[in-house]
2 protein chains.
Amino acid sequence: MHDRDELISELGEIFRENGFAGTSLSEITARTGLGKGSLYHFFPNGKSEMAEAVLHNIDAWFQENVFIPLRESDDALDGIDDMFAAVNAYFDSGNRICLVGAFALDNTRDQFLQEVSTYFSDWISALANALKRSGFAAAVAKSMAEEIVLGIQGALVLARSQEDPKIFTRTLKRLQQRIAATDHA
Amino acid sequence: MHDRDELISELGEIFRENGFAGTSLSEITARTGLGKGSLYHFFPNGKSEMAEAVLHNIDAWFQENVFIPLRESDDALDGIDDMFAAVNAYFDSGNRICLVGAFALDNTRDQFLQEVSTYFSDWISALANALKRSGFAAAVAKSMAEEIVLGIQGALVLARSQEDPKIFTRTLKRLQQRIAATDHA
DNA sequence: CGTATACTGTACCGATCGGTACATTTTTTT
DNA sequence: AAAAAAATGTACCGATCGGTACAGTATACG
C-alpha cells in the first residue's frame, strides 16, 4: 500500500463488497496487507474511523468532481454533462455500488448520519442549482434534481440485482436525455 | 409469536434494520422471544434459512398483491393503480426499506442470487406487461417499467438517507403521474 | 552519528459469533 | 390416559470478533 489515499480507497472497496457490519478486521488485514498494529496506528478508533475516512474521501471526490463543477461551471448545462460523465466513471459504468446509499439502508446509517445525509443533500442542491441556472424554475429544478439522484441510486441497486451494469448506463442516458427534452421555461 | 408467518415477518424487520451480516442470533432470540432451541427447530439451517424464508414470504406477497393483479386485472391501468397503492402500503409510505434491494447491494446478494434476481425481473416484467396492455409499445413499456421499479428503489434509499419518507411518497406520485401524461401510442 | 518518531508484528484479551446436543416440557394424536 | 410429536431452555462448542499492549524495527531528522 503506497500511501494513505490508496489505503483508504482499498478500504472503500472492502466496505462496498461486504457492507460495514460484514467487514471484519481480518479481511481488512488480508486485503490491505497491513497488520492490526499498522491499522490501529493509522485509525486509533478502529473500523468506524476507517469508514469515516472512506466517507470523507468520497465526499471530497464528489465535491471536487461533481458538486463544484455543478455550481461553478460557466455554462450550467456543461456542468451537468460533466456530472453525468463523472458519475458514470465513478460507478464504473454500473459495476460499482454507491457505498453511501448502501450505508443509508440499514442501521449503519445512524452511525454515519451526518455524512450520509449531507452527501445526498449536497448533491441534490448542487444539481438543482445548475438546473436553475440553465433556465428551469426553482421548484422544477429541485424536483428534477431529486429525481435524477434517486434514479442513479435505484439504477445501481437494479443493475447489481440483475448483474447487468447496462441498466445503469442506459438509465444515465435516459436521465440526461430528459433534461434536454424538458421545457427550459 | 403466534404463528410461523408472524415469526417470519418479525425476522424480516430484523434483517431490514441490521442487514443480513449485521443480524446476530442473539438479537433474533431477544426480538422474537424464541430461544435457539426453537429457532433451530424451525430453521435447521440457521440464519440463512431464516433469510430464505423471509425472501420467500416477500415474493409470495408481491406475487399475490402486485404481480398477479398487474398481469390479470381486467383493466390494465387499474392494475397499475393497485400496484402503486400496494407498494405504498408495503413500504409504509417510505418508512420501510426494500430488503431485497438492500441484499442486492453487498455480497449478501450472492448467497440469495436467485431470489434477488427474480424479485426484480418479475416485477419489471409484470409491470411492462400491464403497460403494454394499456397501449404502450412493447419497448416503451419495458423501459417505463424499469424506470418505475428503479425509481421506487432509489426513492427508498434517498428517503432513508434524509430521514424523510415524503421523498418516497412524492416519487410514487410523480411516477404514477408520468404514466398518465405519456402518450398511449 | 544519535535520537526521536513513525510504523509494524505478535501475542493476547474478553466478548460474542453461529451452531450443536440433548434433556425437558408442552401439545397433539390415538 | 398413554404414546408420539412438536417445541423449548440450557449448557456448551470452537472460531472469530474488535480491540489492546508492547516490544521491535524502520525511517526521518538533528
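Residue numbers begin at 1 in each chain, while the letters A, B, ... track the order of the sequences.
Within the nucleic acid shown, B:Thr23 comes within 4.0 Å of sugar-phosphate atoms alone, with no base atom in reach, counting heavy atoms only.
Each of B:Phe67, B:Tyr90, B:Phe91 was compared with B:Trp61 under the ring pair (Phe, Tyr, Trp, His ring centres under 6.0 Å) criterion, and only B:Tyr90 meets it.
Phosphate contact (OP1/OP2 of D:dA7, side-chain N/O of B:Ser38, threshold under 4.0 Å): absent.
Atom-to-atom, CG of A:Leu25 to P of D:dG18 comes out at 5 Å; the value is rounded to the nearest Å. The nearest whole Å value for the distance from the CZ atom in A:Arg4 to the C1' atom in C:dC7 is 14 Å. In this entry the distance linking CG of A:Leu39 with P of C:dT8 reads 10 Å, nearest Å. Atom P of nucleotide C:dC17 and atom CD of A:Glu27 are separated by 19 Å, given to the nearest angstrom.
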Taking it one step at a time, do A:Thr108 and A:Asp106 satisfy side-chain hydrogen bond (donor to acceptor under 3.5 Å, both in side chains)?
-> CA-CA 5 Å; A:Thr108 305; A:Asp106 63 29; 2.6 Å; yes
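Considering only the side chain of A:Ser26, D:dC17 comes nearest among D:dT10, D:dG19, D:dC17. Side-chain proximity of B:Tyr40 to the nucleotides D:dT20, D:dG9, C:dG19 is greatest for C:dG19.
By the 4.0 Å N-to-carboxylate-O rule, B:Glu13 lies close enough to B:Arg96 to be salt-bridged with it. Under a 4.0 Å N-O distance rule, the pair B:Glu72/B:Arg133 does not qualify as a salt bridge.
DNA chain C lies under 4.0 Å from at least one heavy atom of each of the following residues of residues 41-53 of chain A: A:His41, A:Phe42.
Between A:Gly37 and A:Phe20, the residue anchored nearer the 5' end of DNA chain D, judged by the nucleotide with its closest heavy atom, is A:Phe20.
Nearest heavy atoms, A:Val116 versus B:Ser161: CG1-CB, 3.8 Å.
Within 3.5 Å, a donor on the side chain of A:Lys36 pairs with an acceptor on the base of D:dG19, or the reverse.
A:Asp122 and A:Gln63 share a donor-acceptor pair across their side chains, judged by distance under 3.5 Å alone.
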